[in-house]
Number of protein chains: 2
Amino acid sequence: MVNICYSLRMSARTLLPVVDVGACRAPLTRDAMTQSQADDLARSLKAIADPARLRLLSIIAASEGQEACVCDLTEPLDIGQPTVSHHLKVLTDAGFLTRSKRGTWAYFTLIPGALASISRLVASP
Amino acid sequence: MVNICYSLRMSARTLLPVVDVGACRAPLTRDAMTQSQADDLARSLKAIADPARLRLLSIIAASEGQEACVCDLTEPLDIGQPTVSHHLKVLTDAGFLTRSKRGTWAYFTLIPGALASISRLVASP
DNA sequence: AGCAAATATTGACCATCGTCGATATTGACA
DNA sequence: TGTCAATATCGACGATGGTCAATATTTGCT
């Protein structure tokens with residue numbers, strides 16, 4: 001079971017494929033976690049555990065198609081444009097967002113199931 | 001709705017009553033979060049977003065009665081006793097654990113629903 | 001009272017993180 | 001080709017966080 005989890009992680013496209021980790025079915029409340037399981041989940045949670053990134057995620061999630069342009073994300077938060085870009089990169093590297101460029105604009109889209117996966121790992125429904 | 005949430009938080013016993021925050025029903029993926037909502041959720045997530053604390057939580061959660069003595073938590077993790085004590089305090093202050101002392105030993109118990117609350121805020125079921 | 005065991009607190013160190021200003025890159029368009 | 005707008009990257013700074021050694025506190029026991 002754990003081996004399956006790791007082989008899935010190896011072949012994944014993103015740095016931290018939270019969706020695949022979710023397939024491990026090792027919720028926080030079921031059994032004692034191993035060190036590497038705790039490391040992986042902590043890495044994903046750290047990516048979300050920031051007010052600016054949470055607001056970015058929620059704005060994108062509330063947008064139609066769960067997709068938003070960077071230009072629409074810079075003003076609502078009271079932080080500079082480089083900082084927004086940095087947070088979006090963190091969320092993308094963590095496997096919560098994908099980036100697609102159309103013209104000069106960059107659009108970030110929520111990866112379906114990524115948040116639900118983390119949610120399921122924290123507490124089984 | 002938001003006002004109810006804040007009045008609940010004011011009268012709560014713990015510093016960060018995640019259970020009450022969960023009662024706000026403002027999931028990450030439903031609407032754009034306000035700054036203070038993001039601050040609160042980030043604070044709770046930060047408390048969990050650490051490998052050592054995740055392992056502590058999972059050990060306690062897997063124990064009978066979802067309760068464990070500190071003496072049983074010091075050895076499985078490869079960290080010193082003061083560090084374990086520190087992490088347990090962080091989790092307790094964040095509203096995930098309660099502490100009860102029986103004799104010389106300190107027992108930490110999982111607060112029912114606290115993890116589920118956070119989980120629900122990250123992704124609505 | 002005095003000792004021993006379990007746990008908490010303190011103070012310090014190093015690493016990581018969030019933010020910013022400045023600059024680089026990318027792409028559209030005249 | 002040159003310019004402009006949108007976004008990303010870089011380097012730096014202050015703040016926060018995880019860990020430890022040393023010490024304090026609490027509690028049971030003799």
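Order of the sequence lines fixes the chain letters, A, B, ..., with proteins taken first and strands second; residue numbering starts at 1 for each chain.
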Exercise. CG of B/L41 to CG of B/L45: how many Å apart, nearest 0.5 Å?
Worked result: 4.5 Å
Problem set entry | Closest listed nucleotide, where the reference is the side chain of A/P82 and the choices are C/dA8, C/dC20, C/dG18 | C/dC20
Exercise. Which atom names give the shortest non-hydrogen contact between B/A114 and B/G95, and what distance separates them?
Worked result: CB-O, 3.6 Å
For this session: Decide yes or no for B/T98 and B/L110: does some side-chain heavy atom of the first lie under 4.5 Å from some side-chain heavy atom of the second?
Result: no
Exercise. Checking all strands, does A/F108 fall into the base, sugar-phosphate, or nothing category for heavy-atom contacts under 4.0 angstrom?
Worked result: sugar-phosphate
Problem set entry | For chain B, the stretch of DNA chain D it reaches, first to last nucleotide, under 4.0 Å of its heavy atoms | D/dG18 to D/dG28
For this session: Nearest whole angstrom, please: distance from the C1' of C/dG18 to the CZ of A/R55.
Result: 16 Å
Problem set entry | Separation of C/dG27 P from A/Y107 OH (nearest whole Å) | 15 Å
Seminar exercise, completed: Closest non-hydrogen contact found for A/T109 with A/G65 is CG2-O, 4.0 Å
For this session: Could you tell me the separation between the NZ atom of A/K89 and the C1' atom of C/dT19, rounded to a whole number of Å?
Result: 17 Å
Problem set entry | Pairwise 5' ranking along DNA chain C for B/K101 and A/V90, keeping only the more 5' one | B/K101
Exercise. Closer than 4.0 Å, any side-chain N/O of A/T83 to the OP1 or OP2 of C/dC20?
Worked result: yes
For this session: Please test A/T74 against A/I79 for side chain to side chain contact (heavy atoms under 4.5 Å, CB included), starting from the C-alpha separation and ending with a verdict.
Result: CA-CA 7 Å; A/T74 308; A/I79 52 181; over 6 Å; no
Exercise. What's the CG-C1' distance between B/L88 and C/dT9, to the nearest Å?
Worked result: 14 Å
Exercise. Under the 6.0 Å and 45° cation-pi test, does B/R99 pair with B/Y107?
Worked result: no
Problem set entry | Pairing of B/D93 and B/K89 as salt bridge, 4.0 angstrom limit | yes
For this session: Could you tell me, to 10°, how much the axis swings from one end of the helix from C/dA1-D/dT30 to C/dA30-D/dT1 to the other, five pairs per end?
Result: 10°
Exercise. A/H86 has a side chain; which of C/dA5, C/dG18, C/dT9 sits nearest to it?
Worked result: C/dG18
Problem set entry | Phosphate-side-chain proximity, B/R99 and C/dT7, N/O vs OP1/OP2 below 4.0 Å | no
Problem set entry | Side chains of B/F108 and B/I60 in contact at under 4.5 Å (non-hydrogen atoms) | yes
Exercise. Atom CD of A/Q81 to atom P of C/dA22: distance rounded to whole Å?
Worked result: 14 Å
Problem set entry | Between C/dG18 (P) and A/D50 (CG): distance, integer Å | 5 Å
Exercise. Is there a path of hydrophobic side-chain contacts, each under 4.5 Å between heavy atoms of I, L, V, M, F, W or Y residues, that connects A/L77 with A/L73?
Worked result: yes
Seminar exercise, completed: When rounded to whole Å, the NZ to P distance for the pair A/K46 and C/dT16 reads 11 Å
Problem set entry | Atom of B/L54, atom of A/L28 and distance for their closest heavy-atom approach | O-CD1, 3.4 Å
Exercise. Between C/dG27 and A/R102, is there an OP1 or OP2 to side-chain N/O distance shorter than 4.0 Å?
Worked result: no
Problem set entry | Below 4.0 Å: OP1/OP2 of C/dC17 and any side-chain N or O of A/H87 | no
